[in-house]
**Student:** 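Input: one structure, supplied below.
Keep in mind that what you see is a predicted model, and the values were worked out from it rather than measured. Ligands are counted one by one from 1 in listed order, and the atoms in each one are counted from 1 as well. Note that the numbering runs from 1 along the sequence shown for the chain.
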Amino acid sequence: MSDILRERAQFTILRERIGKGQKPLVYLDNAATTQKPLCVEEAAQRYYEQANANIHRGAHYLSRLATEQHEAARQTVADFLHAESAREIIFTSGTTMGINLVSQTLALSGLVGQGDEILVTTDAHHSNIVPWQMLCERTGARLRPIPLTAELSFDFASYEQMLTPRTRLVAVPYISNALGALNPVADIIAAAKRNNPQTLVLVDGAQSTAHLPVNVQELGCDFYAFSGHKIYAPTGTGALWGRAELLEQLPPWLGGGEMISEVSFEKTTYNTLPFKYEAGTPNIGGNILLAEALRYVQRVGLEAIDTHEMALTRRLYDGLAALDGVQILGGRENRGSLISIHVPGVHHYDLGTLLDQMGIAVRTGHHCCQPFMASLGITGTTRYSIALYNNEDDIDRALRATERALNMLR
Ligand code: PLP
């Protein structure tokens with residue numbers, strides 16, 4: 001057994017039998033959220049039994065211990081993303097909050113103005129569309145979708161034409177969640193900076209962080225946001241990385257708690273990075289568990305994870321492509337470990353429901369990508385997404401079940 005296959009034992013929930021039929025669980029909804037390994041569960045118990053207290057300003061032992069663990073967790077996130085410094089890591093509740101933090105602070109900053117342009121991909125998640133629409137509403141900037149090619153990949157030629165002196169920000173998913181496309185983010189960032197070094201680039205890392213090694217300094221982006229729950233950590237965790245000079249320049253967004261330096265009724269001054277952006281008591285236990293999950297991923301190894309997941313993805317792709325009437329969104333190569341299908345004449349929800357009855361957990365619907373679905377003229381897809389603990393048996397069961405379900409529905 002290859003080392004990575006042994007990791008399945010870390011995920012107790014995968015032994016569950018589900019539903020009325022007590023079917024063995026095949027969990028292929030990892031793009032929505034991943035299961036949590038035992039080491040994260042045990043770290044939760046350790047933290048709440050031995051270290052729980054509010055952090056900073058505490059005179060007592062437990063407060064110092066929790067503060068130490070919390071700030072060590074920040075360093076773990078910084079190392080994981082290859083950030084220059086832990087000051088550049090803002091803990092958030094997930095990708096959505098990270099992107100909103102950037103859009104809200106930009107709105108307050110005056111750095112985005114009337115006639116500026118913000119570019120996003122057509123297949124972006126709503127969390128990477130709506131915050132920019134809100135920024136546009138407040139500043140008079142314009143949101144422009146970058147088209148996809150006929151093969152549903154990033155249309156680089158169109159993108160380069162859309163870059164102008166007015167381009168203020170480009171926001172792209174590293175891996176798109178409805179389509180699965182692995183976008184050429186390094187080239188996208190380089191083109192934006194060539195056009196205008198002042199253009200900001202935000203990478204939505206919600207779908208990439210658990211699957212690919214990320215080096216924010218090498219990428220050359222300005223912001224990188226991700227969610228803990230998609231990388232084996234609890235929900236309500238995540239981080240935003242931003243270049244220190246930008247984070248220093250932007251104003252804080254939420255007030256109160258650790259974000260202050262001095263408060264008086266006349267004037268309040270703000271704390272230094274990263275605390276300036278962390279108002280209120282943070283998710284202390286959650287952030288410590290995020291670091292535990294990142295260490296877990298580092299122990300398994302992102303390269304091993306990628307090799308394993310991509311082999312399963314190709315097996316799934318070939319199996320789905322062989323099924324009558326199944327249309328796979330996007331090509332076989334240059335994708336993350338998720339596949340969306342559309343079957344003309346079959347509603348995605350019906351397919352998902354039948355798969356559920358057979359013990360297969362997939363996601364159906366628009367995947368928070370309504371503009372992308374509208375561009376395809378469909379209302380949704382059935383999405384299979386793979387994590388490090390999936391194996392060939394999961395893929396083969398999902399394929400057999402899909403074939404059976406489609407035969408029942410047609
Ligand atoms: N961006 C992408 C590409 C996603 O897939 C998701 C979640 O599915 C998000 C953003 C939002 O993530 P969260 O709900 O964890 O904030």
**Student:** Can you confirm if the aromatic rings of F91 and H70 lie within a centre distance of less than 6.0 Å?
**Tutor:**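 Centroid distance H70-F91: below 6.0 Å, so yes.
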**Student:** With heavy atoms only and a cut-off of under 4.0 Å, state how H229 meets ligand 1: side chain, backbone, both or neither.
**Tutor:**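 H229 to ligand 1: side-chain contact only, backbone stays beyond 4.0 Å.
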**Student:** Count the heavy atoms of every other residue, nucleotide or ligand shown that sit under 6.0 Å from CD of E303, and state whether that count exceeds 12.
**Tutor:**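 Not buried by this count: 12 neighbours or fewer within 6.0 Å.
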**Student:** Would you say D204 contacts ligand 1, with heavy atoms under 4.0 Å as the rule?
**Tutor:**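 For ligand 1, residue contact (heavy atoms, under 4.0 Å) with D204 is present.
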**Student:** Which of the atoms in ligand 1, numbered in the order shown and given with their element, are less than 4.0 Å from a heavy-atom of S227?
**Tutor:**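 Those of ligand 1 that fall under 4.0 Å from S227 are 12 (O), 13 (P), 15 (O), 16 (O).
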**Student:** Provide the full list of side chain to side chain donor-acceptor pair (under 3.5 Å) pairs with a residue in residues 315-324, sequence neighbours left out, each pair given once.
**Tutor:**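 Qualifying pairs, neighbours excluded: R315-D396, D318-R332.
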**Student:** So which protein heavy atom does atom 4 (C) of ligand 1 come closest to, and at what separation?
**Tutor:**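 Scanning the protein heavy atoms, the shortest distance from atom 4 (C) of ligand 1 goes to H125 CD2, 3.3 Å.
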**Student:** For ligand 1, indicate whether the residue S127 contacts it via side chain, backbone, both or neither (heavy-atom separation under 4.0 Å).
**Tutor:**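 Within the 4.0 Å criterion, S127 contacts ligand 1 through side-chain atoms alone.
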**Student:** Quick one: nearest non-hydrogen protein atom to atom 16 (O) of ligand 1, plus distance?
**Tutor:**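 Of the protein heavy atoms, T96 OG1, 2.5 Å lies nearest.
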**Student:** For atom 8 (O) of ligand 1, state which one of K230, M97, Q207 supplies the nearest heavy atom.
**Tutor:**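 Going through K230, M97, Q207 one by one, K230 has the nearest heavy atom to atom 8 (O) of ligand 1.
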**Student:** Take a 6.0 Å sphere around CD of E84 and say whether it holds more than 12 heavy atoms from other residues, nucleotides or ligands.
**Tutor:**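 Count not over threshold, so no.
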**Student:** Give a yes or no on this: more than 12 heavy atoms of other residues, nucleotides or ligands lie within 6.0 Å of atom CZ of R383.
**Tutor:**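 Buried by this count: over 12 neighbours within 6.0 Å.
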**Student:** For G330 versus L152, what's the shortest heavy-atom pair and its separation?
**Tutor:**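 Heavy atoms only, the tightest pair is N-CD1, 3.8 Å.
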